[in-house]
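One-based numbering, in listed order, for ligands and for the atoms of each. The chain is numbered in sequence order, starting from 1.
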Amino acid sequence: MAYPVDLHTHSLRSDGVHEPAELVRIAAERGVQVLAMSDHDTLAGVAEALAAGERHGVRTIASTELNTESEWGDVHVLGYFLDPHDDALEERLRWLRENRGRRIELMVENLERLGYPVLIDRVREIAQGGALGRPHLAQALFEAGHVTSYDAAFDTLISKDAPGYVARVGLTPLEAVELVRKHGGVPSLAHPFTVDGLEALLPQLVAAGLAGMECYYGSHSVSSTVEYRRLARQHDLVPTGGSDFHGRGEHGRLPGGVFVPEECVAALEARKRTTPPASIPA
Ligand code: AMP
Ligand code: FE
Ligand code: FE
Ligand code: ZN
């Protein structure tokens, strides 16, 4: 059996491999009771996940993961309790997805020059309409026989230090936190070990509205969880966590595969800010 709360998972709407309803079903079968489907730069699967959640008795939380890349390393911001019908938010997410697409096209061009040709159409086919990302490219590289495994594609060709890599264009870490807050969501910092200079950045993120930090994550050791919990307490952040399940058996655990304290869901929800009415009648 799994732990009952999982606040970080991915479906086919971004770089996971399962349809949203299938992801919810898998989570439900494992005993997950509260699930956040946090696809990168999209809320496209939320309606399907919510409906599946009702069928399976899983409370499903609308969320997204905004990946940023800057001098702070990889700062990924999870945004919870967002509204998939918020058109202004969707416009910003669409811009991020377009940037994702262009970045992958540039990587495909790079790889071609390096002697590892793949078809961009095949990469898009693998993504099945989901927000494009390096996992789709990794699969295409594996299929084309350029690498011996999906992981090897990252290790040798498309990880940050590898020759095929192209940097992301998008939001800064502060902008990601602000975007979530502007649209009524609750931001939490994902897998803090990928941040360079965490202790220097945290006060800035907190000032921008950060409400949580992923203290519970599959690859954290007990001592790093303790350290992240200390930092969370110091900055008054809700300790969150999740599996980061994508479905390929790569990095990330199975849904509910990481202990996350049940009380963190209510604590996160309590960090929602009610926006004041636009105009107060005289
Ligand atoms: P992108 O957003 O296109 O930069 O892709 C980032 C995604 O790639 C992450 O969300 C993970 O799903 C995956 N990823 C990143 N690094 C690795 C790695 N070393 N091995 C496997 N998957 C990875
Ligand atoms: Fe991912
Ligand atoms: Fe991430
Ligand atoms: Zn993720």
*Which atoms of ligand 1 have any heavy atom of Arg168 under 4.0 Å away?*
1 (P), 2 (O), 4 (O)

*What about His40: any of its N or O atoms under 3.5 Å from an N or O on ligand 1?*
yes

*Closer than 4.0 angstrom: is that true for some heavy atom of Glu65 and an atom of ligand 1?*
no

*Quick one: does Arg103 get a heavy atom under 4.0 Å from ligand 1?*
yes

*asked:* I'd like to check the side-chain hydrogen bond (donor to acceptor under 3.5 Å, both in side chains) partners of His183; sequence neighbours left out, ordered by chain and number.
replied: Asp86

*Do the charged groups of Arg13 and Asp41 touch, with an N to O distance under 4.0 Å?*
no

_Proximal heteroatom of His8 relative to the Zn ion (ligand 4) (N/O/S)_ = NE2

*Considering only NZ, NE, NH1 and NH2 on the basic side and carboxylate oxygens on the acidic side, decide whether Glu269 and Arg59 come within less than 4.0 Å.*
yes

*State, to 0.1 Å, how close Ala176 and Val77 come at their nearest heavy-atom pair, and which atoms those are.*
CB-CG2, 3.8 Å

*Among the protein atoms near the Fe ion (ligand 3), how many are N, O or S and lie under 2.8 Å away?*
3

_Name, closest N/O/S atom of Asp244 to the Zn ion (ligand 4)_ = OD1

*asked:* On a heavy-atom basis, I'd like to know which of Asp15, Ile158, Asp151, Ile104 is closest to atom 9 (C) of ligand 1.
replied: Asp15

_Using the Zn ion (ligand 4) as the vertex, how large is the angle between NE2 of His10 and OE1 of Glu65, rounded to 10 degrees?_
90°

*Looking only at distance, does Arg100 have an N or O less than 3.5 Å from an N or O of ligand 1?*
yes

*Can you name the closest pair of heavy atoms from Val186 and Ala211 and give their distance?*
CG1-CB, 3.6 Å

